[in-house]
Each structure stands twice: as C-alpha cells, then as structure tokens.
Amino acid sequence: MHLVDHLNPMQKEGVLQSKGPVLLLAGAGSGKTRVLTHRIAYLIEQGVAPWNIMAITFTNKASKEMRERVDALVGQGSEDIWVSTFHSSCVRILRRDIEKIGYDKNFVIYDMDDQEKVMRECLKELDFNEKLFTPKGVMGEISAQKNELISVGEYTKRAAIDFRMSQIAKIYALYQKKLHSNNALDFDDLIFKTVELFTLRPDVLTVYQEKFRYIMVDEYQDTNTAQYQLVKLLASKYQNLCVVGDDDQSIYGWRGANIRNILDFEKDFKNTKVIKLEQNYRSTKTILEAANAVIQNNISRKPKALWTENEEGKSIRIFKGMNEYEEAQYAAEEIVRQVEEEGREYKDFAILYRTNAQSRVLEEHLLRKTIPYRLLGGVRFYERKEIKDIMSYLKAIYNPADDIAVKRIINIPKRGIGDTTIDKVMKQAAATESNFFDVLTYSDEIPDLQRSAKKLKEFSKMLITLQVRVETMSVVDLIEEILNITGYVRELELENTEEARGRIDNIKELISKAADYKKRVDEPSLTGFLEEVSLVADIDNYQENANSIVLMTLHSAKGLEFPYVFMTGLEEGIFPSYRSMTSGEEKDVEEERRLCYVGITRAREVLYITHAQSRMLRGMTQYNSPSRFIREIPEHFVEETKKPVVEKSVPKANTTTRKALPVQARKFVQNANTFTMPTPKNVVLNFGQGDAVQHKKFGVGTVQAIQPAGADYEVTVFFPQSGAKKLMAQFSNLKSV
DNA sequence: CAGAGACTCGAGGAG
DNA sequence: CGAGTCTCTG
C-alpha cells in the first residue's frame with residue numbers, strides 16, 4: 001500500500017509533482033489539506049530532510065491541524081518540519097536576525113489596540129485635523145502601504161504631489177519612529193521587516209533559502225504583496241514552491257490580499273505545473289450546484305465548476321423573518337427540532353453571519369431555548385480589559401521601553417497618578433528623547449514632577465522589582481506575583497458584582513493558559529508566552545469536539561465544514577454589505593459573492609438561508625430587501641420554509657414549495673432598496689402578532705401585523721365584526737386580553 | 001485626581 | 001444602541 005493509493009488522479013499528481021513550481025487550484029472541499037500532507041510525506045519518503053520543508057498557513061489552527069496530520073503520516077522527524085503561520089515564521093526569523101537591520105531582538109508585537117494608541121499620539125503630536133485624519137483611517141492607509149511593501153521613504157516620495165498623502169507620509173514616519181523607540185512591531189511589520197531583512201542582507205536570505213528548499217503555501221489566494229514577496233525570495237533559489245489556493249475563496253482583499261498573486265503565478269514562475277482539484281467530497285449535489293450558480297455571477301475568476309459524486313440531498317431552505325428576532329427564533333427552533341426529531345447533535349450546526357454585531361440576537365434566542373453554543377469573535381479573550389491589564393504588566397516588565405504598556409498600567413490599580421502627571425512625563429520624555437519609563441526613575445530630579453515624584457518612583461521601583469524576578473519565576477508565578485503586589489484581584493473581589501466576578505474568572509483563565517503554555521513548550525519563557533498570545537486568532541480556539549452549536553462570521557468559517565449550516569442576514573445592505581454596494585467598484589460586490597460561496601460550501605448536508613424584512617442597526621430600524629445572492633440560486637434547489645407556527649399552534653415545521661420568484665438575469669441592475677427610519681420611541685406594546693386585543697369601539701380582535709410608522713407603530717388588527725383595521729398604537733389605546 | 005453624567009459618534013471582515 | 005470621550009463637580 002502506497003501513500004497515494006487512495007487519492008484521486010489529480011490529487012495524486014499534486015503529491016507526486018514534488019519539484020519545481022506547482023499551482024494547485026483546489027476548490028472547496030476537494031481535499032487540498034490531504035494533498036499537502038501527503039505531499040510532505042512523499043517528500044520525506046523521497047529522502048528530503050524534514051528540516052528542509054516549510055509549510056505556511058494563515059491561522060494557527062490550520063497549522064496545528066496540518067502538523068497533526070503530518071505527524072500521523074510521517075512519524076519520526078516530522079517535528080523538524082516548519083509548519084507555521086506567516087506571522088509566527090517571521091517572528092522566529094526576526095528574533096534571530098532583526099538586529100542586523102537595527103532593531104532589538106526583544107521586540108514586542110503590538111495589536112490593533114496598541115497601534116491605535118500610538119496612532120492617536122502621532123496625530124496629537126502633529127496636530128492634524130482630526131476629522132480628516134482619524135486614527136482608524138490613517139492606520140488603514142499605512143497598513144495598506146506596508147502590505148504593498150512601500151516604506152516611509154518610498155511613500156514620502158510618491159506623496160509629494162498630493163497634500164493629503166504628504167500629511168499621511170509624515171504620520172507614517174512618526175508612527176514608525178515611535179514603534180521603533182518602543183521596541184515594537186505591528187502585525188504588518190512582521191512581514192515587512194522580514195522582507196526588508198532578506199533584501200538588505202542577502203547573506204541572511206541565503207541561509208534561509210538553503211534551509212527551506214521545499215516550500216508550500218496554503219490559502220494562497222489570501223496572500224498580500226508582502227507575503228508573496230517573502231515567499232518568492234525564499235523560493236527563488238530552488239524553485240520548489242507549491243501554492244494551494246482557490247481564487248473563488250479570496251475574501252481578504254480588504255486586508256491587502258492580492259488576487260493577482262494567484263492569477264499571475266504562472267507568469268512569475270516559469271514552467272509552473274498547474275493542477276486543478278475539482279471534485280468535491282464534502283457537500284450534496286444541491287448545495288454544490290447552488291454554490292456554483294452563485295459564483296458564476298463573478299466576472300473576474302478562473303472558469304471552473306466543482307462536481308461531486310455525492311447524492312442530491314435536501315433542498316436549500318429559505319426563511320423570511322419579519323425581523324431579526326423572528327429570524328433568530330426560527331434558527332433556534334429549527335435546531336431544536338432537528339436535534340429532537342432527527343437525532344442530530346448540537347455540534348452538527350453552525351450559524352454564520354456577515355458581521356459580529358448580528359450575533360447578539362441569535363445568542364439571546366439560543367439562551368432562551370437553552371441550546372449550548374460557542375461564540376467565536378466579538379470581544380476576544382485577549383482583548384478584555386483585565387487581560388490586557390495583566391498582559392501590559394508582563395509586557396512592561398519584559399520591555400520597559402514599551403511606552404504603551406507602561407502608560408496603560410501606571411494608574412491601574414489607582415495610584416493617584418492622573419492625566420496631568422502623565423502628560424508631564426511624556427513631555428519630559430519627548431524633550432530628552434528617552435523612554436517614558438526612564439523618566440519615572442529620575443522623576444524626583446525634575447522640577448515639574450516634584451509633586452508626584454514619590455508615586456512615580458514607587459511605581460518604577462515596583463516594576464524593577466518584578467523585572468528581577470523574571471529570571472527565576474515562571475510566567476504563572478509572575479502573574480500571581482503581579483496580582484499580589486498590585487491587589488488587582490482583591491479590588492475586584494471588593495466590587496462584588498457579576499461583572500467583577502467575570503473578570504476574576506478571566507484572570508484565572510489567563511493563569512491556566514500560562515500554566516498550559518509552561519507544560520506544552522520545551523523552553524517556556526516570558527517572551528515565548530507574550531508572543532504566543534499576540535499571535536493567537538479567534539479561530540484557533542475553536543474546538544470541534546464540544547457538543548454545542550457554533551456561531552461565527554462567514555470569514556472565520558473558511559476552512560471549516562458542518563452538516564447543517566445557517567447563513568443568516570442575507571439582505572441587501574447586510575450581505576452584500578452596504579459598503580461594498582456603494583463603493584462604486586464591482587470587485588467589492590464580487591468579494592462579497594465569494595464570501596457567500598465560502599458560506600454555502602461550508603455545508604455538507606443541509607443549508608438554511610435566512611433573511612429579515614427589518615432589522616435594528618445602531619438604534620435605527622432598517623428595511624432591507626432579500627440579498628441578490630438568494631436570487632442567484634436557481635429556484636429548483638430551494639424551498640421556502642415557514643416558521644414552525646409558534647405560540648398557540650402546533651409546533652411543527654411547515655414547509656411549502658416556493659412559488660416562482662422572478663429570477664434576476666443580470667446583476668448591476670439591482671438597486672439598494674435599503675433605507676432607515678427612526679424607531680418608535682416612548683411607545684411600549686404589551687402585545688405581539690397573533691395576540692388578542694381589546695379596542696373601545698371595535699371590541700376584541702387579533703393582531704395581524706405591527707409596522708413601525710415614524711414615532712409610533714401601525715397595528716393591523718382583525719375584528720370579527722368590523723374586519724381588518726389599521727390603527728396607530730399610541731391613540732387607539734389597544735389592550736391585550 | 002476621581003467619579004458621575006452628558007455627549008458624540010460610529011460597527012466589516014482578522015493575524 | 002453602546003462604547004468611548006468630554007465636562008463638570010466634589
């Protein structure tokens with residue numbers, strides 16, 4: 001029995017084509033991970049040393065999965081294969097060699113929060129119009145430059161003719177200067193600086209080229225220019241580069257992913273062998289053909305069509321809710337029904353949505369039905385205040401030059417050091433070109449700081465004390481020591497609120513994560529722990545085995561699969577998003593459509609698509625028409641389902657075949673049909689649709705519909721005597737009976 | 001300096 | 001609607 005015996009011919013070719021550039025176009029569910037892992041095993045079988053092999057993925061989860069599968073296939077020596085993400089590979093390289101380009105190798109990694117703080121400082125210092133230059137906006141532009149490998153110098157040159165750009169160039173320069181003096185890199189820098197290192201120091205590049213003779217890149221369609229350049233540099237010597245991707249699943253354009261990387265691969269690497277994997281092993285025919293039908297509406301793509309030998313399967317269920325509550329209720333009830341009547345397990349279900357904000361209503365209804373669920377996204381663990389506080393202590397101990405971390409904790413818990421004092425310290429630091437922390441240590445010598453010097457020195461002494469212990473203490477002990485000295489947890493205990501208890505739990509969770517780190521890693525260190533924390537993604541924490549349904553964004557769902565998938569909020573303005581519809585660029589809607597394709601192809605057996613006629617957004621009620629993507633699914637794959645008639649009637653799903661809907665032949669024609677109006681205020685209704693109500697003149701009737709109408713509700717009530725009446729809730733004085 | 005209350009403004013997705 | 005910022009007061 002040979003490695004490739006149970007692979008299909010195309011997969012086999014992907015495995016055996018082990019030399020030279022290979023472009024593996026792998027459709028959704030076509031077994032690409034399988035090809036990659038077998039390919040690695042085959043290389044080793046052919047006598048390639050494990051340490052000469054590198055496999056790059058985007059998420060830790062993907063790399064962990066690949067590592068496990070490779071371990072199972074290869075056995076001995078597999079630990080020497082570099083299986084890691086772009087970011088962690090770069091960190092590893094930079095820790096060794098970044099000194100060669102003028103950075104300290106103990107750099108810290110800034111997350112978005114930290115970046116924004118630095119950015120705010122820059123904007124404040126430069127005193128630019130804050131309406132024109134928002135931290136987020138400028139950060140986005142700078143990030144885009146880094147993704148395109150455009151340095152401060154290069155950008156400044158290009159910016160010369162444009163006022164706004166030249167302003168941003170100044171911010172970019174200051175921002176980089178601050179990061180450098182804080183001894184910090186942001187996410188984009190991790191890639192950028194590695195490329196810079198390789199470019200400036202060919203000797204270093206050669207070392208890595210010799211090391212990584214066989215390179216594989218997963219999710220290649222999501223690489224940006226910087227990542228591409230990195231791979232190209234590494235592979236240029238031996239040309240043994242295998243990239244795997246699917247242009248139809250490119251959904252990270254907004255993050256700088258350059259779809260040209262996949263479309264032009266053959267031009268960049270001569271004699272590229274192109275292999276297409278088009279057989280899908282995951283979904284039913286119905287689901288797959290629906291996905292094909294949707295994605296065909298995109299103009300810029302490589303033509304292809306996935307096929308499967310799987311059975312027809314069930315129709316795609318489409319549900320229209322009156323509002324997002326009804327939508328959520330439907331999903332929850334349908335899941336309960338499937339679990340109780342069809343014997344499915346909770347873990348078979350995923351609910352997907354376009355934006356994280358949509359998860360709340362869904363959660364409420366799942367809680368109400370006591371359906372166990374896991375939520376990915378939202379406020380991530382490491383972004384919680386208490387966690388960031390503790391982490392900032394660790395960062396400040398590790399790298400006192402990290403002004404952002406030091407400033408964050410200087411008055412946490414309260415030490416009587418206020419904004420005025422902090423400002424003075426900052427001024428002093430700027431004037432002497434020193435770090436914020438250094439100023440603290442000699443604050444008693446500065447006239448301006450005399451009054452608060454005692455507190456400042458006390459704080460700096462405490463940090464120094466902790467620094468000394470790093471050598472001898474594990475991360476767990478260090479955290480406990482911090483909590484001890486600062487009284488952080490004690491303070492929370494005194495609060496004695498639900499929220500405070502939650503925060504204490506989170507801190508305990510952090511400690512156990514640190515303990516787990518210590519157990520798992522060969523040489524645990526504070527650096528290692530900080531690094532790991534900086535680089536975790538949400539999806540990395542997703543556990544397949546837990547028996548609960550899972551809620552996540554469509555973006556997070558890429559690479560996963562579930563027997564039952566709910567795609568929710570399929571409405572114009574939500575999905576496709578308002579921004580993509582109004583940007584004026586068709587490519588933006590095409591990216592949304594690819595996201596839809598990704599969503600549909602997550603489903604193995606049954607796909608539900610739901611949308612709501614109205615939904616609350618930012619305190620406003622929006623009325624959205626159904627998403628164009630619904631119309632792009634041929635109707636014979638679809639059945640429209642009605643809500644299991646709730647409340648008073650039989651709780652049984654009641655499905656009917658959907659009547660002919662006009663099929664929109666061409667896109668572009670679609671207009672938004674999205675608008676907002678004020679939500680009724682000060683009107684409380686104590687009845688809902690289907691309830692009986694009493695009216696002075698008409699007697700008892702049944703509520704048929706409730707529509708917001710300006711600041712009031714228009715209630716349609718059917719009265720047996722007088723027929724249907726439309727009444728304004730505020731004036732009709734309806735009473736529930 | 002700290003806390004309370006008013007006020008503004010904004011949510012797309014993620015390593 | 002809700003998080004984050006601003007302003008006022010003790």
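Per chain, numbering begins at 1; letters A, B, ... match sequence-line order.
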J.: Determine which bases of DNA chain C form Watson-Crick or G-U wobble pairs with both distances under 3.5 Å, and write the result as a 5' to 3' dot-bracket string with | for other-strand partners.
T.: ||||||||||
J.: What integer distance in Å separates A:Asp111:CG from B:dA14:C1'?
T.: 12 Å
J.: For B:dG15, does either OP1 or OP2 sit under 4.0 Å from a side-chain N or O belonging to A:Ser88?
T.: no
J.: Report the distance from atom CG of A:Asn224 to atom C1' of B:dA14, rounded to the nearest whole Å.
T.: 12 Å
J.: Going by the rule side-chain contact (heavy atoms from CB on, under 4.5 Å), which residues pair with A:Asp588 if we only count those two or more places apart in sequence or in a different chain?
T.: A:Ser580, A:Ser583, A:Glu585
J.: What integer number of Å spans the C1' atoms of C:dT5 and B:dG12?
T.: 24 Å
J.: Residues in side-chain hydrogen bond (donor to acceptor under 3.5 Å, both in side chains) with A:Tyr110, at least two apart?
T.: A:Asn182, A:Asp402
J.: Measure the distance from NZ on A:Lys146 to C1' on B:dG15 and round it to the nearest whole Å.
T.: 14 Å
J.: List for me each residue that meets salt bridge (charged side-chain N to carboxylate O under 4.0 Å, His left out) alongside A:Lys64, sequence neighbours excluded, and say none if there are none.
T.: none
J.: Between atom CD in A:Gln115 and atom C1' in B:dG15, what is the gap in whole Å?
T.: 11 Å
J.: Rounded off to whole Å, could you give me the CD-to-P distance for the A:Glu590 and B:dG13 pair?
T.: 22 Å
J.: Rounded to the nearest 0.5 Å, how far apart are CG of A:Leu535 and CD1 of A:Ile109?
T.: 4.5 Å
J.: Using salt bridge (charged side-chain N to carboxylate O under 4.0 Å, His left out) as the criterion, list what pairs up with A:Lys105, not counting sequence neighbours.
T.: none
J.: Quick one: list whatever passes side-chain contact (heavy atoms from CB on, under 4.5 Å) with A:Met391, sequence neighbours left out.
T.: A:Ile387, A:Leu394, A:Leu510, A:Phe529, A:Leu530, A:Val533
J.: Using a 4.5 Å cut-off on heavy atoms from C-beta on, say whether the side chain of A:Arg408 contacts that of A:Ile404.
T.: no
J.: Can you name the salt bridge (charged side-chain N to carboxylate O under 4.0 Å, His left out) partners of A:Arg579, sequence neighbours left out?
T.: none
J.: Heavy atoms only, 4.0 Å cut-off, all strands: where does A:Phe58 land among base, sugar-phosphate and nothing?
T.: sugar-phosphate
J.: Taking the side chain of A:Thr553 as heavy atoms from C-beta outward, which of B:dG15, C:dG2, B:dG13 is closest to it?
T.: B:dG13
J.: Between A:Ile191 (CD1) and B:dA14 (P), how many Å, whole number?
T.: 18 Å
J.: Taking the six-membered ring of A:Tyr103 as reference, does the cationic atom of A:Lys193 (NZ for Lys, CZ for Arg) lie under 6.0 Å from its centre and within 45° of its axis?
T.: no
J.: Nucleotide by nucleotide, 5' to 3', does protein get under 4.0 Å of the base (B), only the sugar-phosphate (S), or neither (-) in nucleotides 2-12 of chain B, counting heavy atoms?
T.: SS-----SBBB
J.: Starting from P on B:dA14, measure out to CG on A:Asn147 and report it in whole angstrom.
T.: 16 Å
J.: Atom CG of A:Asp113 and atom P of B:dG15: how far apart are they, to the nearest Å?
T.: 16 Å
J.: Looking for any heavy atom pair under 4.0 Å, which part of the strands does A:Thr421 touch: base, sugar-phosphate only, or nothing?
T.: sugar-phosphate
J.: Restricting to side-chain hydrogen bond (donor to acceptor under 3.5 Å, both in side chains), what partner residues turn up for A:Thr223, sequence neighbours left out?
T.: A:Asn261
J.: Sequence neighbours left out, what passes salt bridge (charged side-chain N to carboxylate O under 4.0 Å, His left out) with A:Arg615? Give chain and number order.
T.: A:Glu327, A:Glu571
J.: How would you label the contact of A:Thr420 with the nucleic acid (heavy atoms, under 4.0 Å): base, sugar-phosphate, or nothing?
T.: sugar-phosphate
J.: Checking A:Ser89 now: which residues fulfil side-chain contact (heavy atoms from CB on, under 4.5 Å) with it, not counting sequence neighbours?
T.: A:Met54, A:Trp82, A:Ser84
J.: Between the protein and nucleotides 7-9 of chain C, are there any N/O to N/O pairs under 3.5 Å, and if so, what are the atom names and distances?
T.:
none

